[in-house]
Visitor: 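Dumping the structure here so I can ask a few things about it.
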Amino acid sequence: MKANPAPLLLLSVCFSGVYLLSHVEELKTQERLFLSSLGLSARPRPAASLQARRHVPSALWKMFRRSENIQAQESDPCTVSEYGVRGNIIRYVQDQGRLVSGWSSCQLCVEKQLFFNMSVLQPVELLSLAQLEIKFLWKPFSHTELLQGPRALSVSLYKVIRATLRGANAQGNRRLLLSQSVQLQPDPASITLDLTSLADSWRKPGRNYGLILELLPLSVDPEELLPFRPGNSLPLDPAYTLPLVQASLVAVSLNPHQCRSRQRRSAVHLPVSPSNVCKARRLYIDFKDVGWQDWIIAPQGYMANYCHGECPFPLSESLNGTNHAILQTLVHSLDPHSTPQPCCVPIRLSPISMLYYDNNDNVVLRHYQDMVVDECGCR
Ligand SMILES: *[C@@H]1O[C@H](CO)[C@@H](O)[C@H](O)[C@H]1NC(C)=O
Ligand SMILES: *[C@@H]1O[C@H](CO)[C@@H](O)[C@H](O)[C@H]1NC(C)=O
């Protein structure tokens, strides 16, 4: 895979050549190139409006901030130390399942389907971890309810192993993954479960039938649950007698093509000097200028820098020229019209992390190599 991020490609173009930026088509191509170097086939277009979007899970913010503050050589950008696995992409895959009724084996149960669209992972990615987290938020309906004390729920989680028709015998189509009881308190209770191999199998087309979560309130008067008879539709507000259930799947994956160099950015402070000799120049890329602020959550922009300047004869050591570049400047000095000067190009780049929404409104944290120019040289 070509790993050159397009803006860098665009900015490192040797200035002895003529390059016209103004062309709209050219820009479109550049955008596509850049997106593909970010591992995206197209510009994400999150469906939800800005206000309706999922908030960024605090664990992801923490990881993002940590990666921003990491100093030189401190860690491998292709390992997610928070989970102890290899990876450069962390997604919070959103649950798209619905409340269902009428499939249940037990009359008083409420069932929720859990569905995580794993097609958001690209085929090249290796899934290192998929961790299911189910949060139960109990919002007491009234003060009396609160005073009645904590309640408990019996929770059973099944994987669905083949497509089920509504109302068909569901028992043979599911396998129990977990069964336990959960104490409900106003503080959220949660269950986490490693689902890596199952989630990996969901990546094959047509193989994802999701999960079924069966909830049975343990300490509630059965009378209260009468409206929940199989076949009846469930009350739309599950907070009424049941806790709010929030499920998410944290998927950590590795795009091996984006794991070549290992150096981390050392805080680069480029000197401001008017010299026209090849060197790294400051450039701040503001994602708003590129019209990407609707899908990139953070950073809002970053110091990308670029290389610019002459590679004059005789090439001094500080210009980091190759033997070939030294010869080329020599030939150029003898006959400037036959041979151009070598190009001033990035020779050391460092990564950044980005937090964004994908097309399914999942929140994704990715580490990208080669996004910042640290050093330039004549090549
Ligand atoms: C899953 O996501 C893919 C890629 O974004 C999309 O094409 C597909 O329609 C989605 N499938 C479902 C069932 O939502
Ligand atoms: C060449 O590399 C050295 C360190 O190896 C660096 O200090 C210097 O700035 C580089 N030259 C240019 C033109 O960036």
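One-based numbering, in listed order, for ligands and for the atoms of each. Reckoned from all heavy atoms, side chains included, excluding hydrogens, waters and symmetry mates.
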Visitor: Check ligand 1 against Gln96 and write out every atom of the ligand that is under 4.0 Å from a heavy-atom position of the residue.
Guide: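 That gives atoms 14 (O) of ligand 1.
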Visitor: Please report the closest heavy-atom contact between Val345 and Arg379, naming both atoms and the distance.
Guide: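 Taking Val345 first and Arg379 second, the nearest heavy atoms are CG2-CG, 3.4 Å.
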Visitor: Between atom CE of Met371 and atom CE of Met354, what is the distance when rounded to the nearest 0.5 Å?
Guide: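 Here the interatomic distance stands at 5.5 Å.
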Visitor: Taking the two cysteines Cys344 and Cys278, do their sulfur (SG) atoms come closer than 2.5 angstrom to each other?
Guide: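 Their SG atoms fall under 2.5 Å; a disulfide, then.
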Visitor: Answer yes if the ring centres of Trp295 and Tyr356 are under 6.0 angstrom apart, and no otherwise.
Guide: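 Yes - the distance between ring centres of Trp295 and Tyr356 falls below the 6.0 Å cut-off.
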Visitor: Would you check, one step at a time, whether the test side chain to side chain contact (heavy atoms under 4.5 Å, CB included) holds for Arg91 with Arg366?
Guide: CA-CA 8 Å; Arg91 288 183 175 82; Arg366 278 180 91 141; 4.2 Å; yes
Visitor: Looking at atom 11 (N) of ligand 1, tell me if a protein heavy atom falls under 4.0 Å from it.
Guide: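 Answer yes: something from the protein, a heavy atom, is under 4.0 Å.
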Visitor: Right, does atom 5 (O) of ligand 1 have protein non-hydrogen atoms nearer than 4.0 Å?
Guide: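 True for atom 5 (O) of ligand 1.
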Visitor: Is Asn360 near ligand 1, meaning one of its heavy atoms is under 4.0 Å from it?
Guide: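 Judged by the 4.0 Å heavy-atom criterion, Asn360 does count as contacting ligand 1.
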Visitor: Could you find the nearest protein heavy atom to atom 8 (C) of ligand 1 and give me its residue, atom name and distance?
Guide: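 Here the closest protein heavy atom is Asn117 ND2, 3.7 Å.
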